[in-house]
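Have a look at the structure below, then the notes.
If you read the sequence from its start, that first residue is 1, and numbering goes on from there.
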Amino acid sequence: MAFTNRITVQDLEDDPYPLYARMRREAPVAFVPAVNIWLVTRWADVEHVAKSPELFTAHVKSSPIERTFGKPTILTTDGPVHKELRAGIDPKYKPKAVATYIEPLVRPIADEYLDALLAKGGGDLMAEYFEPISTLSLARSFGFEGIDMPTLRRWFYGLAQGAINFENDPERQKIGDAVSAEISEAADLIFDRLERTPDQSALSHMLHDGMPAGKTRPRALLLPTVKVTLLGGMQEPGHGAGSVLVGLLGNPDQMTDVQRDMDLLLPKAVDEGLRWVAPIGTQTRETTRAVELGGVTIPAGAAVGALVSSASRDEARFTDPDLFNIHRNEGPHAAFGFGPHFCSGRWFARDQMIVAVKVLLERTKEIALVPDLLPQFRGWEFRAPTSLQVSLR
């Protein structure tokens, strides 16, 4: 039996990277029964899948995202519908737009949560710093200002349960469906206001940008993408920032370098953290016909997972790819994907991570891991330290 047939969901959740390395060597394109999807692991093949919509469409019939969020979504469409959805969401998250508001948006949130951690001498940087920053930054920029933190975190968890439910687990689906319905109800109240009175939120841009005077995009068109954006934006920048800090704390010389020249090296550290541990692991596609790739033939109508996380550790592109090294000069990582579905929130997420880590490093003299509670990573579709217990001074 091929080793890929023996891979379990638990194996992937615990640590997919050794499995991906073996797949890149022995079975770069392979069907993995446990998750009911063909996995593509090498950089060149992952890029090919993402950039060839005529062969690998985003319209995935068995997509757990559409099953939970509805359709169409910005992730599961190609062509005119995809362009229409991006036309609504891009204006708020283009790099020049992000540069005008990211610091005043993120820094006050970071300061508030860091004040509490410094007052008690440390804590869990994931649950008490990075995740709240990520969640509140996205919610406030998007237009969900009145939603409290416990609700937002519960939304993320519920959406994630549905989005990664490749095995079609009924319990996961039940959780995802309930949260999806709750978000629809909350969004309808916000849409009621924004249709009458536009503002600068992403939701307002989605409704109004590019539309004739007096017209807005239909809510039914936007709601599935609203949920996708909430899932991708609420916690994944926080998860990425946590991975960056783990990398720096595990490499004190690199931490010292960053502290000495934050303007130059902190952005490089953030990019290296995203390469080292991609917060979101996969771009999912479906074959439009039988396709030969990586020495095998993927049948028509098959779900394909283009593993951006594996591509970012491809030995053909990166030297010692399992090592965290901010001084790399080997080209960009794949964490934000490729092609027309390249992450529209890339600049918002990256700049948010830079500000969150910068505030932490500027305001602390010492950050030390708690020896008995060292960080453990978990997940393959969404991967991050489960906690990051530190002492702060």
Side-chain angles (χ1 to χ4, degrees), residues 2 4-5 7 9 12 16 20 23 27-86 159-169 172-173 176-177 180 221 224-225 227-229 231-232 278 280-311 334-344 380-382:
T4 51
N5 290 340
I7 293 173
V9 174
L12 291 167
Y20 296 163
M23 289 181 70
V29 177
F31 183 71
V32 178
V35 288
N36 195 32
I37 194 170
W38 289 77
L39 296 183
V40 179
T41 55
R42 291 177 179 170
W43 178 288
D45 292 336
V46 169
E47 185 175 19
H48 176 63
V49 168
K51 289 185 173 181
S52 305
E54 72 284 0
L55 298 176
F56 302 94
T57 178
H59 296 280
V60 180
K61 291 191 292 290
S62 58
S63 167
I65 289 176
E66 287 194 348
R67 189 164 63 236
T68 305
F69 301 172
K71 58 183 180 181
T73 79
I74 198 168
L75 291 183
T76 56
T77 56
D78 290 316
V81 175
H82 178 252
K83 290 180 180 178
E84 176 72 7
L85 290 169
R86 286 200 75 128
L159 291 172
Q161 290 303 298
I164 65 174
N165 190 18
F166 289 100
E167 63 271 34
N168 206 7
D169 182 315
R172 275 188 164 179
Q173 197 60 50
D177 290 345
S180 181
L221 173 69
T225 292
K227 295 166 190 176
V228 165
T229 308
L231 175 63
I280 298 176
T282 306
Q283 285 186 298
T284 304
R285 298 291 181 268
E286 183 175 298
T287 50
T288 59
R289 59 175 175 81
V291 180
E292 187 174 331
L293 186 69
V296 300
T297 299
I298 307 173
V304 177
L307 292 167
V308 296
S309 50
S310 176
F336 292 118
F338 298 101
H341 287 269
F342 185 81
C343 177
S344 59
W380 71 287
E381 277 286 78
F382 302 103

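Contact detail for Ala163 and Pro64: the closest heavy-atom pair is O-CG, 3.2 Å. Closest heavy-atom contact between Thr282 and Gly305: CG2-CA, 3.5 Å. Of all heavy-atom pairs between Pro224 and Gly70, the closest is CB-O, 3.6 Å. Across Pro340 and Ala50, no two heavy atoms sit closer than the pair CD-O, 3.9 Å. Gln283 and Phe342 make their closest contact through NE2-N, 4.5 Å (heavy atoms, listed as atom of the first residue, atom of the second, distance). Between Ala34 and Val9, the shortest heavy-atom contact is O-CG2, 3.7 Å.
At least one side-chain heavy atom of Val308 sits under 4.5 Å from a side-chain heavy atom of Val46. Put simply, the side chain of Phe31 reaches to within 4.5 Å of the side chain of Asn36, judged on heavy atoms. Here the side chains of Phe56 and Thr284 are not in contact, with every heavy-atom distance at 4.5 Å or above. You'll find the side chain of Ser310 stays beyond 4.5 Å of the side chain of Met23, heavy atoms only. Contact annotation: the side chain of Arg172 approaches that of Ile164 to within less than 4.5 Å [non-hydrogen atoms, C-beta and beyond]. The shortest side-chain heavy-atom distance between Trp38 and Val296 falls under the 4.5 Å cut-off. Side-chain contact check for Glu54 versus Thr288: every heavy-atom pair is 4.5 Å or farther apart. Side-chain contact check for Phe69 versus Leu231: some heavy-atom pair is nearer than 4.5 Å.
Of the inter-residue distances, the one linking Gln173 atom CD with Ser180 atom OG reads 9.5 Å to the nearest 0.5 angstrom. Interatomic distance, CG of Leu221 versus CD of Glu84, reported as 6.5 Å (0.5 Å rounding). Atom CD1 in Ile65 sits 6.0 Å away from atom OG1 in Thr73 (nearest 0.5 Å). Note that CG of Leu39 and CG of Asp45 are 12.5 Å apart. Values are rounded to the nearest 0.5 Å. One distance of note links OG1 of Thr76 with CD of Glu66; it measures 3.5 Å at 0.5 Å rounding. A distance of 10.5 Å separates CG of Leu159 from OG1 of Thr229, quoted to the nearest 0.5 Å.
One N or O on the side chain of Thr225 and one on the backbone of Ile74 form a donor-acceptor pair closer than 3.5 Å. The backbone N or O of Pro299 lies less than 3.5 Å from a partner atom in the side chain of Thr287, making a donor-acceptor pair.
Among pairs with a residue in residues 281-302, those fulfilling salt bridge (Lys or Arg N to Asp or Glu O under 4.0 Å) read Lys61-Glu286, at least two apart in sequence or across chains.
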Start with the C-alpha gap between Glu381 and Ile280, add the side-chain angles, then the distance that decides, and say whether side-chain contact (heavy atoms from CB on, under 4.5 Å) holds. CA-CA 5 Å; Glu381 277 286 78; Ile280 298 176; 5.8 Å; no

For His341 and Asp78, run side-chain contact (heavy atoms from CB on, under 4.5 Å): C-alpha distance rounded to whole Å, both residues' side-chain angles, the deciding distance at 0.1 Å, then the answer. CA-CA 9 Å; His341 287 269; Asp78 290 316; 3.1 Å; yes

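When each of Val40, Val29, Leu55 is paired with Val49, the side-chain contact (heavy atoms from CB on, under 4.5 Å) condition holds for Val40 and for no other.
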